[in-house]
Amino acid sequence: MTEREATQSAAVVCRGLQKRYGDVVAVAGLDLEVRSGECFGLLGPNGAGKTTTIEILEGLLEQDAGEVEVLGLRWGADDRALRQRLGIQLQETQLNEKLTAEEVVRLFRSFYRRGPSVSEVLEMVELESKRRSRVGKLSGGQKQRLAVACALVNEPDLLFLDEPTTGLDPQARRQLWSLLDRFRQNGGTVVLTTHYMDEAETLCDRVAIVDLGRVIALGTPRALISSLGAEHVVEFAVGHGASASTGPLAGLPGVTDVLAKEGTIRLRVTEPHVVIPALLLELERQRLDLSQFATHHATLEDVFVAHTGRHLRDE
């Protein structure tokens, strides 16, 4: 496939995207391509530029520099056509709490030329039984699903979701995941931002990790995690006021990387059953006692830490 053909088959293409707010650079020359039919995730801490980027792609903000194509069209020239083909769920959706769920969906459906019936949309998001309930009486998960329903009333080709499951309980999150999976099965493309690494690993075909307005890592979740060169992370801290010498830790069998920050040491390791006994012996040699100890499989959070030295949830 030529570069031109690849661009034409992409749902979203942006090159050199920039956006400033006074002296603050929110997006600093970001390049991105989302393939048609995939679920693409934008990950990063608060202030990384995720929401600004997605709002530019949605046509809610105008970039200061760079080029943007959405579904082969451009904002400023094809606005009306684009709005008919996009579904958008904002980070915070404010709906009139005195309207019923049915009235909200009917209102949003009236904005578009095509789309399923109100009943079909409510059934799609499993709110058929709540159609006559007022928005103010719905639970947090039900309100979130109603917001997604409003984004689906026009059978969009491309669905934008900004932190779609923030504040939801585990059951409500998984209900929304199932809804997005069905949308994908019908040929839809999804672009989402999220703080939840399990969500990104479950839903996304590819993810871009964003920091300081730039893409610092891009690929499938599996490929990005594999790029760490280790499948597990051992994290520990020693007694108050003490610190472990990291030089010997880096030489332990199975350790591929050592990161020390704010009293906590993280080891990326290939074989935890080999590393842990060796680690305990080394700490005993250094006459240090553990005050904290945990292990976990490597995740996208660890990919971010490897690139930046910070956690995704750091401000």
(request) Would you check if the side chain of D64 reaches a backbone N or O of R20 as a donor-acceptor pair within less than 3.5 Å? (result) yes

(message) Counting the benzene-type ring for Trp, do H296 and H232 have ring centres under 6.0 Å apart?
(response) no

(request) Report yes or no: does E38 contribute a side-chain atom to a donor-acceptor pair with the main-chain N or O of R35 at less than 3.5 Å? (result) yes

(request) Mark yes or no for whether R145, through its side chain, and V125, through its backbone, hold a donor-acceptor pair below 3.5 Å. (result) yes

(request) For the residue pair V215 and D31, establish whether any side-chain heavy-atom pair is separated by less than 4.5 Å. (result) no

(message) Could you tell me if the side chain of M124 sits less than 4.5 Å from the side chain of L152, heavy atoms only?
(response) yes

(message) If I compare all heavy atoms of T193 with all of P164, which pair ends up nearest, and what's the gap?
(response) O-CD, 3.4 Å

(message) Quick check on the hydrophobic clustering: are L252 and V274 connected, directly or via other members, by side-chain heavy-atom contacts under 4.5 Å?
(response) no

(message) So does L43 get a backbone contact from the side chain of K50, meaning a donor-acceptor N/O pair under 3.5 Å?
(response) no

(request) Mark yes or no for whether R109, through its side chain, and G115, through its backbone, hold a donor-acceptor pair below 3.5 Å. (result) yes

(request) Check for a donor-acceptor pair, side chain of E163 on one end and backbone N or O of H195 on the other, with a separation under 3.5 Å. (result) yes

(request) Could you tell me which residues satisfy ring-ring contact (aromatic ring centres under 6.0 Å, His included) with H273, sequence neighbours excluded, listed by chain and number? (result) none

(request) Return yes if some donor-acceptor pair links the side-chain N/O of D78 with the main-chain N/O of R74 below 3.5 Å, else return no. (result) yes

(request) Answer yes or no: is there a donor N or O on one side and an acceptor on the other, between the side chain of N154 and the main chain of R113, under 3.5 Å? (result) no

(request) Look only at the side chain of R114 and the backbone of E155, and say whether a donor-acceptor pair between them is shorter than 3.5 Å. (result) yes

(message) So does T299 get a backbone contact from the side chain of D302, meaning a donor-acceptor N/O pair under 3.5 Å?
(response) yes

(request) Using side chain to side chain contact (heavy atoms under 4.5 Å, CB included) as the criterion, point out the one residue from Q63, R83, E69 that pairs with W75. (result) R83

(message) Does atom CD (E231) have a neighbourhood of more than 12 heavy atoms from anything else shown, all under 6.0 Å?
(response) no

